[in-house]
Asks: 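Pasting in a structure now, in structure tokens, and then I'll have a few things to ask.
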Amino acid sequence: VFLCNKLIEMYGRCRSSREARTIFDAMLARDSFSWDTMLLAYTRTGNLEQAKQIFDEMPSKNLIAWTSLLVAFSSSEDFHQAKLLFDQMPERDEVAWNAMLAVYAQNGCLEDATLLFQEMPSTNLVSWNTLLDAFVEAGKLEEAGDLFHRMPLHDLISWTTIHHAYARFGYIDEAKLVMEAMPESDTVCWTAMLSAYAQLGSLDSAKATFDYMPQRDLVSWNTMLAAYTQNGRLDDAKFVFWGMPERDLFSWTTMLACYVEEGHLEEARRVFDGMPQRNVIAWNVILAGYAQVGLMDRATLHFDSMPFRDLISWNIMLGGYVQIEGGLREAEVFFRGMPQHNLVSRNTMLTAFAQAGFIEKSRGCFSSMPEHN
RNA sequence: CAUUGCUGGUAUCCAGAG
């Protein structure tokens, strides 16, 4: 049992929930660690449905199981389910509170995060770091800076979070100063710097950073790859992609998106077919390739054959309809048939109506939005 | 002292800014 548990854990960490499940199913006896670890494998691979199912099947649910499921809701379309789950928990420890806080932080809910932080029975450094990240995710740089100075202590993660805050919003000089001030900086920090240069279009600085950094891991390679793809450098991107020491789904989807962006649909399709695994994002990239150029019949065919869809898949289809000649009516019908809508869906309709001169309908979309940005 | 849970860097949809 011990060894099988370790195997499940290993597969979970390697994002192979299928293999983890094979081990789990083959076990003659399972203890609570086996169940928790299996649940966590689904959580880590973003497999909410399977995570829920395992959770429901569990003979007994401990704090770890509750917390793992809570985390799974964080990246789901309605992360507010996480709060419902949190409220249902029979007991909550520090980790559970922190996990709930992280759900708010990752989804940009600064208000909720702040309130929750104040309600917490006790806070530790993880709580402070998470709150700091909530400010950063919400784009509140000054407040993040203030909070950083008010924190009781700083560890590497606190420093990296504040560094990332400056880097991602293009404050290169400030980010550099933070890097000089921090006691140690690791690959995460260097990669954030690289990413910042890439977003500003400073490819030379990005490349120089990549070459200069003490170590490069898979994320750094992916970031360098994205630096080229986001700036329309297909040839450089190809060179990086095929030269990388290893490739994960980020690498593949980044490369795919580059082919699509450059209008090379056939090539994209070939890369797609050659992928070792495909996630929703890979399917979405190809879908967007068809929809963006108005090939709605091919898009529909692809859409119908997708093994999984998320809200982005639906939004891509919607975006395809609104931009073809006289597609607005079809878009309206499609919009009504969607399982959910978010700000992007409504904004797509809003701008489509506005550009077609239907001011009243556009207004209607505007007022149907639960929030505005 | 401890087989599993919480925080930092990279990819796909609309708009805006450059």
Asks: Does a salt bridge link Asp273(A) with Arg269(A), judged by any charged N lying under 4.0 Å from a carboxylate O?
Replies: yes
Asks: If I compare all heavy atoms of Met89(A) with all of Thr67(A), which pair ends up nearest, and what's the gap?
Replies: CE-OG1, 4.2 Å
Asks: For Gln50(A), give me all partners under side chain to side chain donor-acceptor pair (under 3.5 Å), at least two apart in sequence or on another chain.
Replies: none
Asks: Using the test side chain to side chain donor-acceptor pair (under 3.5 Å), find all partners of Asn231(A) that sit at least two apart in sequence or belong to another chain.
Replies: none
Asks: Going by heavy atoms closer than 4.0 Å, what residues in residues 45-53 of chain A are next to RNA chain B?
Replies: none
Asks: Between atom CG in Asp248(A) and atom P in G9(B), what is the gap in whole Å?
Replies: 15 Å
Asks: With Ser76(A), which residues qualify under side chain to side chain donor-acceptor pair (under 3.5 Å), at least two apart?
Replies: none
Asks: Round to the nearest Å and state the distance from Arg15(A) atom CZ to A11(B) atom C1'.
Replies: 14 Å
Asks: Using a 4.0 Å heavy-atom cut-off across all strands, classify Thr43(A) as base, sugar-phosphate, or nothing.
Replies: nothing
Asks: Please check this pair: side chain of Ser68(A) against backbone of Ile64(A), looking for a donor-acceptor N/O pair closer than 3.5 Å.
Replies: yes
Asks: I need the CZ-C1' distance between Phe250(A) and A11(B), as an integer number of Å.
Replies: 6 Å
Asks: Without placing hydrogens or testing angles, list every side-chain donor-acceptor pair under 3.5 Å for residues 110-127 of chain A, not counting sequence neighbours.
Replies:
from	atom 1	to	atom 2	distance (Å)
Thr114(A)	OG1	Leu110(A)	O	2.6
Ser122(A)	OG	Glu94(A)	OE2	2.8
Asn124(A)	OD1	Asn98(A)	ND2	3.2
Asn124(A)	OD1	Val126(A)	N	3.1
Asn124(A)	OD1	Ser127(A)	N	3.1
Asn124(A)	OD1	Ser127(A)	OG	2.9
Asn124(A)	ND2	Glu94(A)	OE1	3.1
Ser127(A)	OG	Asn98(A)	OD1	2.7
Ser127(A)	OG	Asn124(A)	N	2.9
Ser127(A)	OG	Asn124(A)	O	3.3

Asks: Above 12 or not: heavy atoms from other molecules or residues under 6.0 Å from CD of Gln323(A)?
Replies: yes
Asks: Counting only N and O atoms by type, is there a donor-acceptor contact under 3.5 Å from the side chain of Ser74(A) to the main-chain atoms of Leu70(A)?
Replies: no
Asks: One character per nucleotide, please: for nucleotides 1-8 of chain B, 5' to 3', B when the base has a protein heavy atom closer than 4.0 Å, S when only the sugar-phosphate does, - otherwise.
Replies: --BBBBBB
Asks: Atom CZ of Phe210(A) to atom C1' of G9(B): distance rounded to whole Å?
Replies: 14 Å
Asks: So what stems show up for RNA chain B if we need 3 or more Watson-Crick or G-U pairs in a row, all under 3.5 Å?
Replies: none
Asks: Determine all donor-acceptor pairs shorter than 3.5 Å in which one atom belongs to a side chain in residues 252-259 of chain A; sequence neighbours excluded.
Replies:
from	atom 1	to	atom 2	distance (Å)
Thr253(A)	OG1	Leu249(A)	O	2.8
Thr253(A)	OG1	Phe250(A)	O	3.2
Thr254(A)	OG1	Phe250(A)	O	2.6

Asks: Go through the structure and list residues passing ring pair (Phe, Tyr, Trp, His ring centres under 6.0 Å) with Tyr197(A), not counting sequence neighbours.
Replies: none
Asks: Show me, pair by pair, the donor-acceptor contacts under 3.5 angstrom made by side chains of residues 234-241 of chain A, not counting sequence neighbours?
Replies:
from	atom 1	to	atom 2	distance (Å)
Asp236(A)	OD2	Arg233(A)	NE	2.7
Asp236(A)	OD2	Arg233(A)	NH2	3.1

Asks: For Tyr321(A), give me all partners under side chain to side chain donor-acceptor pair (under 3.5 Å), at least two apart in sequence or on another chain.
Replies: none
Asks: Which letter, B, S or -, goes with each nucleotide of nucleotides 12-18 of chain B from 5' to 3', with contact meaning a protein heavy atom under 4.0 Å?
Replies: BBBS---
